[in-house]
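What follows is a set of notes on a single structure, which appears directly below.
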Amino acid sequence: MPPPARGFPKLDGMTDEQKTDERKTIAFVVYPGLTPLDLVGPLQVLTALGQLDPRYRTVVVGATKDTVGTDTPLRIAPSHTFDEVPSPFAVLVPGGTVPTLHAMADERLLAWLRTAAEGAELVTSVCAGSLVLGAAGLLDGRQATTHWMFRDLLTGLGATPVARRWVEDGPVITAAGVSAGIDLALHLAERLAGRPVATAIQFVIEYDPEPPQGALDWANQPYGDLKPLREHTLREGLAANPALLAKLLAHA
């Protein structure tokens, strides 16, 4: 790990409590069934930011500190509860599939997001996490993006869909599918601490994608074949919320 970058405020001599009070908290949201890479990719980047720039720290928040499942065999335990982090500097909501649609009706999560967003300087998401932001009313009148398979549904949540790797509209920044979260986090690192720090982090995680299949050909995406899967996912995930289901399907 490279040594801390120069020019940042020194916290030497402070107690752990004072250091925590001085740091700006970046809160990553956990809920059952999320996609791990949506969370862990940006978390790795922004935890490194906190190591290079002591003005920032990362926490992982959930309704409780109990371990929750993901859409892989991996289970995740939050470091803090929502109540312990009422006013973060920044928030990141990861996405997923059916469980993320369930999260759109989780009033405890939505209430925390609304409260946190009132004082947060940055409200961000990865993949379908933007649908949760939309359900909380945080995308109204804003440009946003999400996973390409769900992008048009953002219209039903009051947002204008944009096909970009990440979309910044005021304090709200949304990233496209899964791996785009790493790009978003590097963008945030540059915005918060400068390009040299972001570049150092990029080298530390050796982020230089060269997929074996080459770049994606967006003119030939398999969207048509996946439309039935998308509708099935929506109907399963929002079965208990028929009003929201109808609203989103109207924009499908």
message: Taking side chain to side chain contact (heavy atoms under 4.5 Å, CB included) as the criterion, tell me which of P161, S125, C127 meets it with T174.
response: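 Among the candidates, only S125 passes.
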
field: side chain to side chain contact (heavy atoms under 4.5 Å, CB included) partner of H80, chosen from T25, V60, V85
entry: V85

Does the side chain of [X] reach to within under 4.5 Å of the side chain of [Y], using non-hydrogen atoms?
X    : Y    : value
I182 : I205 : yes
R230 : F150 : yes
P78  : V61  : no
I173 : V167 : no
V172 : T124 : no
Q143 : R164 : yes
V40  : F28  : no
L133 : V93  : yes

Can you run down the salt bridge (charged side-chain N to carboxylate O under 4.0 Å, His left out) pairs that involve [range], sequence neighbours left out, and say none if there aren't any?
range            : answer
residues 234-252 : E231-R235
residues 169-196 : R142-D169, R165-D183, E168-R191, E190-R195
residues 196-216 : none
residues 59-70   : K65-E84

Using a 3.5 Å distance criterion without hydrogens, assess whether the side chain of [X] forms a donor-acceptor pair with backbone atoms of [Y].
X    : Y    : result
Y31  : H102 : no
Q202 : Y207 : yes
T70  : L74  : yes

query: Step by step, would you call V91 with L122 a side chain to side chain contact (heavy atoms under 4.5 Å, CB included)?
result: CA-CA 6 Å; V91 174; L122 293 167; over 6 Å; no

For [X], give me all partners under side chain to side chain donor-acceptor pair (under 3.5 Å), at least two apart in sequence or on another chain.
X    : answer
T58  : T47
N241 : none
T97  : none

In this structure, would [X] and [Y] fall into the same cluster of hydrophobic residues linked by side-chain contacts under 4.5 Å?
X    : Y    : answer
L184 : L216 : yes
F203 : V45  : no
V98  : L249 : no

task: Using the test side-chain contact (heavy atoms from CB on, under 4.5 Å), find all partners of A159 that sit at least two apart in sequence or belong to another chain.
output: L139, A144, L154

query: Can you list the residues that meet the side-chain contact (heavy atoms from CB on, under 4.5 Å) rule with V68, with sequence neighbours excluded?
result: V30, P32

field: Under-4.0 Å salt bridge between E22 and R57
entry: no

query: Does a side-chain N-to-carboxylate-O contact under 4.0 Å join K24 and D53?
result: no

Nearest 0.5 Å, please: how far is [atom2] in [Y] from [atom1] in [X]?
X    : Y    : atom1 : atom2 : result
L238 : L101 : CG    : CG    : 4.5 Å
T146 : R151 : OG1   : CZ    : 8.5 Å
L192 : I26  : CG    : CD1   : 6.0 Å
H147 : S130 : NE2   : OG    : 11.0 Å
F89  : Y56  : CZ    : OH    : 5.0 Å
R55  : L52  : CZ    : CG    : 11.5 Å

- request: Would you check, one step at a time, whether the test side chain to side chain contact (heavy atoms under 4.5 Å, CB included) holds for L92 with V126?
  value: CA-CA 7 Å; L92 186 144; V126 179; 4.0 Å; yes

- request: Verify side chain to side chain contact (heavy atoms under 4.5 Å, CB included) between L244 and L157, making sure each step is shown before the conclusion.
  value: CA-CA 9 Å; L244 182 56; L157 297 169; 4.1 Å; yes

Looking only at heavy atoms, which two atoms of [X] and [Y] are closest? And how far apart?
X    : Y    : answer
I201 : A189 : CD1-CB, 4.0 Å
A103 : L110 : O-CD2, 4.1 Å
L39  : P94  : N-CB, 3.9 Å
T100 : G95  : OG1-C, 3.1 Å
L109 : V29  : CD1-CG1, 3.6 Å
A193 : L49  : CB-CD1, 3.6 Å

message: Counting neighbours of CD on Q44 that are heavy atoms of other residues, nucleotides or ligands and sit closer than 6.0 Å, is the number greater than 12?
response: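 No, the 6.0 Å shell around CD holds no more than 12 heavy atoms from other groups.
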
message: Suppose we screen for ring pair (Phe, Tyr, Trp, His ring centres under 6.0 Å). Which residues come up paired with H187, at least two apart in sequence or across chains?
response: W166

query: What's the verdict on side chain to side chain contact (heavy atoms under 4.5 Å, CB included) for L113 and L138, showing C-alpha distance, side-chain angles and the deciding distance?
result: CA-CA 9 Å; L113 285 173; L138 301 178; 4.3 Å; yes

task: Mind jotting down which residue pairs meet the ring-ring contact (aromatic ring centres under 6.0 Å, His included) criterion with at least one end in residues 104-143? Sequence neighbours excluded, please.
output: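 For residues 104-143: F82-W112.
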
- request: Show which residues join L37 in its hydrophobic cluster (side-chain heavy-atom contacts under 4.5 Å, direct or indirect), or state none.
  value: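 Noted: L37 shares its cluster with V178.
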
